[in-house]
Each structure stands twice: as C-alpha cells, then as structure tokens.
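The structure under discussion appears below in the form of structure tokens.
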Amino acid sequence: MNSSKPLALAAAIALGLSLSACQQAESPQAPAAEESATAAPAADNPFFVVSELPYQMPAFDKIKDEHYAPALERGMSEQRAEIDAIANNAEAPSFENTIVAMEKTGALLNRTAAVFGNLAGAHTNETIQKVQAEFAPKFAAHQDAILLDGKLFARIKALHDQRDSLGLDPESRRLLERYYIDFVRAGANLSDADKETLKGMNAELASLATTFSQNVLKEVNASGVLVDDVAKLDGLPAEAITAAAEAAKAAGKEGQYLIALQNTSGQPPLTNLTNRELRQQIMAASLARGARGNEFDNREIVARVAKLRAERAALLGYDNHADYILEDETAGSVEAVNKLMSDLAPAAVANARREAAEMQAIIDAENGGFQLEAADWAFYAEKVRQQKYAFDESQLRPYFEIDNVLVNGVFHAANQLYGLEFKERTDLPTYHPDVRVWEVFEADGTPLGLFLGDFYARPSKRGGAWMNAYVPQNGLTGSKPVVANHLNIPKPSEGQPTLLTFDEVTTMFHEFGHALHGLFSNVKYPQFSGTSVPRDFVEYPSQVNEMWATYPSVLANYAKHYQTGEPIPQELLDKVMAAEQYGQGHATTEYLAAAMLDQKWHQLTADQVPTDTLAFEAEALKAVGLDYAPVPPRYRSTYFSHIMGGYSAGYYAYLWSEVLDAESVEWFKESGGLKRENGDHFRQTLLSRGGSVDAMQLFRDFRGRDPEVGPLLVRRGLDEPVGSK
Ligand SMILES: [Zn+2]
C-alpha cells in the first residue's frame, strides 16, 4: 500500500515494500538457496521489451535473477532522460507536455520494479536481496533528483497557478494538484539553503531510524528471561520448554531455560505460565525494553526523532509532524484523528475493565488473593476463553478445504455481487509451481484481467499476506490489470487436502478484496490506479470483502465437509464467531494506547519535545484515560518500530479503515446483502475509482453521507454506556 506519490511504485517496490495492503508482514525468512543463474546477453533481457503474454503478464519463464540489476539501471536512466526532456522542453508548459508526459515516463523501471519488488517478498534469494540492498539508496537518489528538480517544478507550478483556466476534466485537474502537492511536500518550494537543511534532516532521521530498529532488535534479544528450574515453567507446552532449553544453550547457559521475547508488550508464554512470579518477571522485562540505561537505550532517540520531525514540519509550513502527515490522509486533520480516538477510549477501557472483572472472579474463586495485573491478563483470559468459547480446531478445518473456499466461496461471492466469472489458465508461466492463474471476465464475457493466487508458505516467502499488481490498470496505455494475492498457508504433504483455519479463510476473502480493488480500477492515469489510495483507506475495501466469508448463502455454498459434503454445523460456527469476538476490550485498549502515543509524540512543536521520554508517555496516556495499568500500550515509545519507521502519525489508520468498513457492512446488510445491484453500486462509486477522487468523497458517493462511528462500536463491543454491568 502507498499513497499516490510520483515514483512511489518504483521506489516502494525496490525497497521491498509491497504496494498494497496488509502490513502484517513479519521479518523476512531466511532466503532459500538457489543456484546462481548463468549470465545472459543484455539483448535477452525480458524486461527490455513489453511482455507478449496475455495482459502483458510478466514472462516468468524467461526472467532470471541477473536480469534485474541491468533492467533497473537502464530503467532509471531512461526515466531520468525522459524527465530531463520534459524539464528542458523549449515549449511553454502544458498539461499534456508536462503532467501527462510525466505519467508516461519510467515504463521499463515500473515494469521491472513491479516484478522485482514482489518477488523480493514472495520468492526471494540471496541475489535478489543483494540487488535490493544495492538499489535502495540508488532509488532514493533517483527520486530526490526528480522531486527537487527546479526546472521541472517550475513547469508544474506554472500549470498549477493557472489550473482554473486550463479546462481540465476532474481527474486531470486532480492529477495536476497531486503532482504539485507531492513536490511541495517533498520540499520543492523551499529556498536552496532550506533544501540543504531538509536533506540534512532527512539524512539524520534515516540514520536514527536505523539505529532505533537495530536497538529494538538487540534489546529484544538482550531482555530474554533466564530460568534455572524447569518446575517454574509449569504450564508451558513441551515444545516451548525444549525451545527455551535450546535458546539457553545457544546463549552459553546450558542446563537453564531462556524465555525469548517478541516485540509487543504482551508475550505469548504469559498465556500458559502458572508461576505468577515468573509472569511478572517476563512482563517487567518486556515493558522495560529500550529504557534501561544500557547501550540499546532508545529514550533519547525517540525524543530526538520527535524534535527533528517537528522542525522539518515547521520548515515545510506545518504546525507539527502529525499535521504534515494527516493532511494527506483520509482522516484529513489532527483534530479528526484525536476525536476518533478520544471518543473510543472511555468505552474501550470500560470494556477492558469488564473483561478484567470476569477474570478477577476466577482469581477470587481460586482464592488467589491478588488483584489482576498486566502480567496475569493473558493467563486468565485464556481460562475464560476455555470456559466459554472452546472448540476443537480439528473439527472445523474439514469444512474449509482450499478450493471449496476459493472457488465456491471467494469467487462465488464475487460472481453474485459483480457477475464475475473465473477461468483457470494453466498455459501461462509462473515463478513457482504452486502459483495458479485465473482469467477474470465480466458478466457479459468481456475480459477484465488476470488474477494470480500464491497461497502456500515456503522458506523463500516472507510472512503475512498481501496483494500486489504486476500490471496496473492504465487508461493512457489501455493496459488491463494483472494482480496477485499471497498467503502463507502451510502446504500439506503430498496427496493430502489443504484444510484451512477460520483465520486463513478470512484472510483469503480479505486479500481478494484488495484484488478486486485492483481488477475493477477504471481510471485514466496510472498515478490513481487500483489501490493507490491513502494508507488509512486502503484496508477498507478488503475488510469489507471479509463480510462474505460468514454470509449465510456464501457459507452454505462453500463450507462443506471435504469428504462427506455435509454443511458446517451451526453450533460449531457460532462458537467460532463468539471466540473471535472475545477480548475486544483488551485489544482495542492496547491498540488505542499505542496509537495515542504515536499522535502525542507527533503533535508536538520542536520546543515542546520533552527530555524525559517515559514521563511524557505516562502523562500522555493519563490525559486521554488510557492509563489502565493492566493493559499497557501494545508498544511503548522505546520499542514502537512502526512510528520510527514509515507509519509515523499513522498507526491510527487500521482503526480508521475499520470505521469505514463497519459502516459499509451495515449498508450492505440494510440494502439486501449479496446481490448484483449492491455490488455494482460499490464498484461504480468506489472500487473502480482508485485514487482519482478524494477518498472521503468516494465513501460519501457510496454511502450517501459522512461515516459514523456507531457500527464500529457495536462490532468491537464498545457500544454499551460506560459504567454499565
Ligand atoms: Zn489488507
């Protein structure tokens, strides 16, 4: 996912960021060893020509690892030459010879980067990783060279100044404004001296971000809890005990047990450990990370980053960093984000307190003699879950066979809503034998695009699930979309069926929602194609598509026992749904606390940045009523990697998308659910428009009014008055 920015496609992709969606990405797994490819003459480089396969699908059978670097190099130099020609054009600037011309630049670069960027996540190896590391700074410089090109910007600015008299259609006018804004936001309007200052700030921020993330990783490793007596590990599964013994041995403490930490405040072993003292020790170690006064201490870095970002925002003419970031998002302003979160905070904490009361009752019934603390939460939450919502996963999965889910579930819903038909194409080359290709047709038989499904986990694939576009829909060239979904479903042994968990089923519907956003794109300019929308909007259409996974008629069509064909028993399904709902008070509270910290840090002016990082954090949470000790923030400032990296002032985005999602699900239900008329309305007003219209306007066009938070409150169980029960 990415908001629309010039060159965002090429740059984001080259940095190994997937273009669309689902930032649940985990660290890349170890690369698979692959034999090094033999050198091929440049003339054979398949990227140098437009693919002749249907829909210009990449010629995966011809692409070899050694083709990437030359194609990326040549792609950058071609684009640089194209841009120079535009900047130095002797003719007066026109929309056609400047803006449209820029939209047409970089064809080779984009074509190469679309394949390279995605395979860096979906099927990487050492060669690809080397190219990635080599090209990341080259791309940054390439992008800077364009965005800070004074002659080019002078043409864009001249056109922008006369935008009212150019006679542009709405999409073209928006494109001109988009280019102008992106250049200005990158510093194009600054004096040469200020541009130098800005570059210095960017360089220092980049280096601080690297140090911060390295500290976070080192501190996770340095904060593991060492246990000398296996009896203290009572409750942990046997494999976790073995892993702890091996971790201790690797750390030179053979005979002991090392509980490794993960980066969230909560830690998985807390769910199982019966020893309360050990639970407290682990929780304390987790919460102390990055603030222990050792060499990995991040307190000063957090404050320094906040100060630099505030200074940079001021240089660019903004009140603060959040103001700078949010201006370009759907939420639109600091006030809107603050309001959403402050509105939800009291209800979320009240809900968490109700969950805590339920757990305290168990503690009291067991004569525990203590008050529930953060270290106890997961342990007692699991007891409540077992008592109220337990079900056997192995009973469930036979009803979720992968082809049933995909063809009779995901595709079926898309057929009922949009009239789509799917034909599997086994004649087209892929980069891995597990990848499947479908041609997608409209109800009247018109070809729409290609859909690639890459569902299985493998060592060469990063974690998480995501969607990407190999060929984005492009009204200037007439290109139709080629999109792909990637999941990490464990591959069964030969001859065994692939039976999914309920989470995997939901993910499949979710990712296909992104695919639809790409397939339905019907815009003129590639800048606006498909999922090129703000990051607090991009998850919304995919979240909406999840609703069909449990929609009765869809479920009846796909959730059948793979051997007997029996439909899934309703009582089993009810248990699954209830279990999904449990724990929303805790989940919402810890998320909001982190999102609020992100905002508080980034809504400061440079002179307001505190020297005491932890004191600031405590005051910030208290000010909004999120200082409920049993539920600490999902990330504390000193290990909150999202906000030191690309998600600064943007961690709220998941919730914002969910507000729109919950509203839209309500609309579908009110309007008669799964039917063509409803799907066509969603497609016409929103899914086909990409970023060509302001995102909030798209929502209004679809829903008929501004979003309201009510449906989200109901979904997250936050709708009961504070203090009830
Ligand atoms: Zn997503």
Side-chain angles (χ1 to χ4, degrees), residues 1-4 8-9 12-13 16-26 114 117-118 121-122 329-331 405-406 409-410 413-414 417 451-455 457 461-470 472 481 483-489 500-521 529-550 580 587 591 595 642 645-647 650-665 682-683 686-687 689-691 695 698-699 712 715-716:
M1 85 184 203
N2 212 310
S3 51
S4 44
L9 177 83
I13 272 180
L17 308 169
S18 76
L19 249 197
S20 176
C22 305
Q23 302 296 298
Q24 334 153 331
E26 295 149 21
N118 192 59
E329 296 295 324
T330 311
V405 174
L406 182 67
V410 175
L417 282 166
F451 170 69
L452 279 68
D454 179 2
F455 300 117
K461 197 195 251 186
R462 72 165 165 85
W466 71 96
M467 167 269 190
N468 77 301
Y470 286 110
V483 302
N485 278 175
H486 307 83
L487 274 71
N488 267 285
I489 296 166
L500 307 185
T501 65
F502 182 67
D503 270 356
E504 288 164 347
V505 170
T506 308
T507 303
M508 207 161 218
F509 277 88
H510 175 101
E511 295 307 329
F512 197 72
H514 290 302
L516 289 172
H517 205 180
L519 285 166
F520 286 151
S521 179
S529 188
T531 54
S532 306
V533 295
R535 65 184 169 188
D536 64 357
F537 192 80
V538 73
E539 291 301 319
Y540 149 51
S542 52
Q543 287 173 350
V544 170
N545 206 53
E546 289 179 29
M547 76 177 284
W548 309 115
T550 51
E580 290 279 310
Y591 168 81
H642 297 75
Y647 243 64
Y651 194 64
Y652 77 95
Y654 298 97
L655 197 66
W656 189 267
S657 281
E658 202 183 326
V659 170
L660 305 179
D661 157 33
E663 271 274 55
S664 304
V665 167
F682 194 36
R683 173 177 179 176
L686 197 144
L687 289 178
R689 311 303 300 275
L698 291 180
F699 179 83
L712 174 79
R715 176 191 295 190
R716 287 197 168 234

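Both counts, for ligands and for their atoms, begin at 1 and track the order of listing. No hydrogens, no waters, no symmetry mates; every other heavy atom, side chains included, goes into these values.
- Under 2.8 Å from the Zn ion (ligand 1) lies no N/O/S atom of Glu511, from backbone or side chain alike.
- No side-chain donor-acceptor contact under 3.5 Å links His486 and Glu511.
- Under the 4.5 Å side-chain criterion, counting only non-hydrogen atoms from C-beta, Pro541 is not in contact with Leu516.
- Taking the Zn ion (ligand 1) as reference, the nearest N/O/S atom within Glu539 carries the name OE1.
- Expressed to the nearest 10°, the angle at the Zn ion (ligand 1) joining NE2 in His510 with NE2 in His514 is 100°.
- By the 30° and 60° cut-offs, the orientation of the rings of Phe451 relative to Phe455 is tilted.
- Taking the six-membered ring for Trp, Phe682 and Phe520 have ring centres at least 6.0 Å apart.
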